[in-house]
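After the structure tokens below, expect a handful of questions from me.
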Amino acid sequence: MTLNERIGYELRSQRLLRRMTIQQVANKLGKSKNTVSYYELGKIKITINDLIDYCNVVGCDYIEILKKANGEWDNTIHQDIKE
């Protein structure tokens with residue numbers, strides 16, 4: 001599983017915990033339902049700004065999402081951010 005897929009998995013988990021639909025999140029972000037779905041599936045890279053906005057909408061901490069997705073903080077995350 002790629003880092004993008006793990007981030008997406010964590011985002012989806014947080015959204016579902018709050019009983020929100022993809023459409024609700026998409027509406028609040030001003031994005032299409034497909035874009036939010038692709039973020040959650042890891043099919044497209046989410047920018048740091050969009051990650052922060054998504055987390056604000058859902059009510060979670062983007063740093064915690066990154067830590068969980070990466071199995072806690074390590075250099076792998078820095079490599080993906082540079083790409």
Cluster link Ile22 to Ile44, ILVMFWY, side chain under 4.5 Å: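 Shared cluster, yes.
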
Pairwise distance NZ(Lys45) to CD1(Ile7) - rounded to 0.5 angstrom: 9.5 Å

Distance in Å, Ile46 CD1 paired with Cys55 SG, rounded so as to fall on 0.5 Å steps: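 Output value for this atom pair is 7.5 Å.
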
Rounded distance [0.5 Å steps], CG in Leu29 versus CG in Asp53: 6.5 Å

Shortest non-hydrogen contact between Glu5 and Thr2, atoms and distance: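 Where Glu5 meets Thr2 most closely, the heavy atoms are OE1-N, 2.8 Å.
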
Under 3.5 Å: donor-acceptor pair, side chain of Arg6, backbone of Met1: yes

Atom pair CD (Glu40) and CG (Asn4), whose distance is rounded to the nearest 0.5 Å: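 Here the rounded value is 13.5 Å.
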
Approximate separation, where rounding is to 0.5 Å, of Thr47 OG1 and Tyr39 OH: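 Here the rounded value is 5.5 Å.
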
Shared hydrophobic cluster, Tyr9 / Met20 (ILVMFWY, side-chain heavy atoms < 4.5 Å):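 Different hydrophobic clusters.
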
Distance in Å, Leu11 CG paired with Leu41 CG, rounded so as to fall on 0.5 Å steps: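 Separation between the atoms: 11.0 Å.
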
Where Tyr54 and Arg12 come nearest, the two heavy atoms and their spacing: OH-N, 4.2 Å

N/O donor-acceptor pair under 3.5 Å between Ser37 side chain and Lys33 backbone: no

Cys60 side chain near Ile65 side chain, heavy-atom distance below 4.5 Å: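 Yes, at least one pair of side-chain atoms sits under 4.5 Å.
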
Verify same cluster id: Val58, Ile63 (apolar side-chain graph, 4.5 Å):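 Per the 4.5 Å side-chain linkage, Val58 and Ile63 are co-clustered.
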
Tyr62 side chain to Glu10 side chain, donor-acceptor N/O pair below 3.5 angstrom: no

Verdict with reasoning, Lys31 to Asp50, per side-chain contact (heavy atoms from CB on, under 4.5 Å): CA-CA 10 Å; Lys31 305 274 185 193; Asp50 287 339; 3.4 Å; yes

Non-hydrogen atoms of Gln14 and Arg18 that approach each other most closely: OE1-NH1, 2.6 Å

